Amino acid sequence: MWSVTRPLLQECTLACYRLLSAMTQAVPPILSITPSRALVDEKFQVLVENLPPGCPVTLHSLHHSEDKDDWEAYGHYVSDHRGVVSVTEDLSFGGTYTGKEPMGLLWSMRPVPGSREGLRLRKINVCTPMLVNISVHSGHEDFRDRTPLASALAERWYMAPGVKRIDINKQGVQGTLFIPPGPGPFPTLLDMWGGGVGLLEYRSALLASRGYVSFSLDYLRSEHLSADVEFKYFETAFNIIRNHPQVIPDRVGILGISLGSTVAFNLTAYSTIIKVNVPRCIVCISSNHYHPPGTTLKAGFKILSKHFHKAHFDENNYMSWRSFGLDLIADPSNNVEVGRINCPMLLVNGCDDQNWPTVETAEEVARLLREGGKEHLLSRLAYPGAGHLIEPPFSPHFRATKFIILNSKKKVILLWGGHTKAHSDAQEDSWRKILSFLQLHLYHSPSVKAKL
Amino acid sequence: MLAVSKRCFVFPCSCRAAPPGCGPHTLGRLFSAMTQVVPPILSVTPSRALVDEKFKVLVENLPPGYPVTVRSLHNSEDKHDWEAYGHYVSDHSGVVSVSEDLSYGGTYTGKEPMGLLWSMRPVPGSRPGLRLRKMNVCTPMLVTISVHSGHEGFRDQAPLASVLTERWYMAPGIQRITNNEQGVQGTLFIPPGPGPFPGLLDMWGGGGGLLEYRAALLASHGYVSLALDYLRFDQESENLELKYFETAFNIIKDHPQVMSDRVGIFGLSLGSLVAVTLAAYSTIIKPCCIVCISSNHYYPAQGSTVASRFEGVTRQLYKARVNEDNQVIWKDVGLEFITDPSNIAEVGRINCPTLLVNGCDDQNWPTVETAEDVARLMREAGKEHLLSRLAYPDTGHLIEPPFSPHFRATTFVIHSSKEKVLLLWGGKTKPHSDAQEDSWRKILSFLQFHLYCGPCLKAKI
């Protein structure tokens, strides 16, 4: 382990820079990304060869988003005696991440200096890849002042080849369906995002790339005038996918984040048309079971907004709903009766969630299930240092982002919580555990043993 | 269950006959029951890759000890279907890993992670003499990988699962530019990034037409590559032709993103003849290194163009032996030509590192004899230290990038007579594929050593 002190570094940088200048007339380093095209949850190896030995360089990633913002990450490295820097094997001495971080160039991305506040990075068009430019620069401090020595382009895809994307507008239900390649039939997932605006497809696309017919449901609809009408909407959506010709009808799961997890709880606890074994399992990320009876989701949101004056604002004026959320869920009549749920459940939460008391919610769910003798159905993951927005692996972490309060046009900056490194580790670990939970319940077949 | 597996592991067979207690009927019923319920999980990782990258094909969630066939299918630009398949048996955890397990039969046997690509051949019922080459390098080659129940007769049922994989010649960010500058025709491929990069003049063989895929792949490895369209039958004189090649070389050399003292030449078959003659005779260009696949140094009377020399050879075709499959063997004709020392290029004049890559079962041209001859001449000129030679056993003439299917004989149209013949290239599929994989790695390492690493660097310190 080389401890690189400042004066030594400067001396080194100067020597190497001179060497590299001489070299760049002669020969640049060789930068490679393997694989250059990958799914967003796959790792890559970034390698730089042909550098002078012991040379300080910076690896820099740059992405120009669909919203036209620039996001970047970088790590400071020193080449070994063979002139190699391996982001997979070597330590970063500083930058947007430190330590041995093979994927740091992705998960530690943040808006470039000078960007607007409260930005969030989410792919809307999942049919094209996210393009990330990775480059290697001479030196550490002020690496930006010089043109890169070499650069390469990586494609990060939400959709595997052969996955089909279909717009759904059936029986009043709207959303996007993703179907894996192959004859099927496949297990399926009803996928619901949180309480923001618009339909997000990327997680469904990724789940389809992992073998599940996945329906990204557009569910926050203002035309749902009553809770009953809204409930029927969800049941109809559920049946649409269950009855799809390429779906195995008794292998349907529900996956929801934040407000989406409220829907998952609600549907599973109260639906009478959804029979035994269906849904076969549910996954709730950033668990929320606050749902005053007889209210639509939007109405519930409105009730919530009446408590905003109690919200806590931190030193940056970011708004946290956690404390008044805790008050609200303290009254059990406000919550979904999760004790009625009869299927395996996985709850994934961040201990530093500042948006909602998700860990407390999970504890409450555990208590209620225990009372009903159903604790064996529950698995809980609570990640230290992770916030509310637990996304697929290697997605950047957003501690606080702009949010438009429904029906009010009011823009605030909501504090989601989490510390970048811990939050990113949580994203990587939770995704693997979510996929393995889904595979166990939706792909493996205890029913075969029964038939033998 | 394990009894089935054991038997199959010890005696590679079609697994048709299973021992008592675990007959095909039991497994069949089990699987039918299952397929109503849950299919196996098939994955190809990575699902998008460069053509010279390996992938891992994995099948999970099968019943234990279950016979399956993993199959690949590709519909070519010429609208032909190409396929490969291997017969496997799942382990006790219900897994088949093409990377780790043995194939018991099919188009390949043994532990062959990439067998589903290199052992591809046209599906039964196709025309003879087909060849698979990607013309449009901007799109990937699409291969469907599927898993089927059973071994014999696997085609009779629908697949249990299938996935699609993309195989690319171009890495993201590569620029493809049609070149028409200074009368030189070809396609330029430029890697992403500021550069500057080493350059390569890339020349295919005598088949006519411009093939870009190797140049695209070389650019994906960091070289500005020009795929040169050079077999011009209207070319009037050798001098003009030499000028054409020199101009092409200089277009690369003078390109703003190219390091002018790091340009090499890469040729296959007739292209390797061009490489050798340029390196030996040009007074204007000095390649940094040359790579000759399926080496050719046939250089008769001065003043003849490459095209006319080629025609000269093809006119002697009547002398060529034809085997029992009606495949034409040019090798002996070639051997006759090159035994006359006045017919060969003065390779002793070459002054740059040279890599010769040949197949010992080459039936199209005496390439191994050529390499030996080149070694002799360079030794006599005191330049043996510049030469590296690779001669692969049971390998034919068409040494392509890794995992490309092997073509032992394909249809070839003679330019002068428009006659269609079936040319025998040679090679046996498994050793030929091993040679493609090994030679590519060695070629890239040769190029990296001479064009990227820096003897000049040492000089400067």
Side-chain angles (χ1 to χ4, degrees), chain A residues 19 22-39 42 44 49-50 52 83 129 131-136 147-155 157 159-163 180-187 209-211 248 250-251 439 442-445 447-448 451-452, chain B residues 26 29-30 33-50 53 60-61 63 94 140 142-144 146-147 158-166 168 171-174 191-198 220-222 259 261-262 448 451-454 456-457 459-461:
Chain A
L19 192 62
M23 269 192 74
T24 35
Q25 252 66 316
V27 56
I30 306 168
L31 171 66
S32 60
I33 306 168
T34 317
S36 50
R37 294 177 176 92
L39 290 178
E42 288 171 344
F44 58 21
E49 297 169 285
N50 216 33
L131 295 176
V132 181
N133 192 277
I134 308 247
S135 52
V136 58
T147 50
L149 301 170
S151 74
L153 194 64
E155 292 182 358
W157 290 82
M159 273 170 80
V163 169
F186 306 98
S209 303
R210 297 289 168 210
I248 308 168
D250 66 340
R251 285 171 184 264
Q439 185 160 311
L442 297 178
Y443 259 106
H444 296 307
S445 40
S447 49
V448 175
K451 281 190 177 159
L452 283 174
Chain B
T26 314
R29 240 182 288 131
L30 187 65
M34 272 196 67
T35 36
Q36 248 70 312
V37 185
V38 57
I41 306 166
L42 172 64
S43 59
V44 176
T45 313
S47 51
R48 295 178 175 92
L50 290 180
E53 289 171 348
E60 297 169 286
N61 215 35
L142 295 174
V143 181
T144 301
S146 53
V147 59
L160 301 170
S162 74
V163 292
L164 193 64
T165 181
E166 294 179 356
W168 290 80
I174 302 258
F197 306 99
S220 302
H221 285 280
M259 293 183 277
D261 62 339
R262 284 168 187 266
Q448 183 160 314
L451 297 177
Y452 259 107
C453 300
C456 339
L457 181 64
K460 275 183 182 170
I461 302 180

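This is a predicted model, so every value here is computed, not measured. Residue numbers begin at 1 in each chain, while the letters A, B, ... track the order of the sequences.
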Novice: Less than 4.5 Å to any heavy atom of chain B: does that hold for the side chain of Ser36(A), its backbone, both, or neither?
Specialist: both
Novice: Among the options Ser209(A), Gly211(A), Pro129(A), Pro183(A), pick out the one with the most heavy-atom pairs lying under 4.5 Å from chain B.
Specialist: Pro183(A)
Novice: Is chain A contacted by the side chain of Thr144(B), its backbone, both, or neither, given a heavy-atom distance below 4.5 Å?
Specialist: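 No part of Thr144(B) comes within 4.5 Å of chain A.
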Novice: Is the shortest heavy-atom distance from the side chain of Asn50(A) to the side chain of Gln448(B) under 4.5 Å?
Specialist: no
Novice: Which atoms of Leu39(A) come close to chain B, meaning under 4.5 Å heavy atom to heavy atom: side chain ones, backbone ones, both, or neither?
Specialist: side chain
Novice: Sort and list the pairs that fulfil salt bridge (Lys or Arg N to Asp or Glu O under 4.0 Å) and have at least one residue in residues 29-39 of chain A, not counting sequence neighbours.
Specialist: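 Salt bridge (Lys or Arg N to Asp or Glu O under 4.0 Å) check on residues 29-39 of chain A returns Arg37(A)-Glu155(A).
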Novice: Is Ala161(B) in contact with chain A via its backbone, its side chain, both, or neither, using a 4.5 Å heavy-atom distance?
Specialist: backbone
Novice: Are Ser47(B) and Trp157(A) close enough that some pair of their side-chain heavy atoms sits under 4.5 Å apart?
Specialist: no
Novice: Between Pro192(B) and Ala152(A), which heavy-atom pair has the shortest distance, and what is it?
Specialist: CG-CA, 4.2 Å
Novice: Non-hydrogen atoms of chain B under 4.5 Å away: do they reach the side chain of Ala38(A), the backbone, both or neither?
Specialist: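 Answer is neither: Ala38(A) stays 4.5 Å or more from chain B.
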Novice: Out of Gly222(B), Pro46(B), Gly94(B), Ala171(B), which one racks up the most heavy-atom pairs below 4.5 Å with chain A?
Specialist: Ala171(B)
Novice: With a 4.5 Å heavy-atom cut-off, do Leu142(B) and Pro161(A) have their side chains touching?
Specialist: no
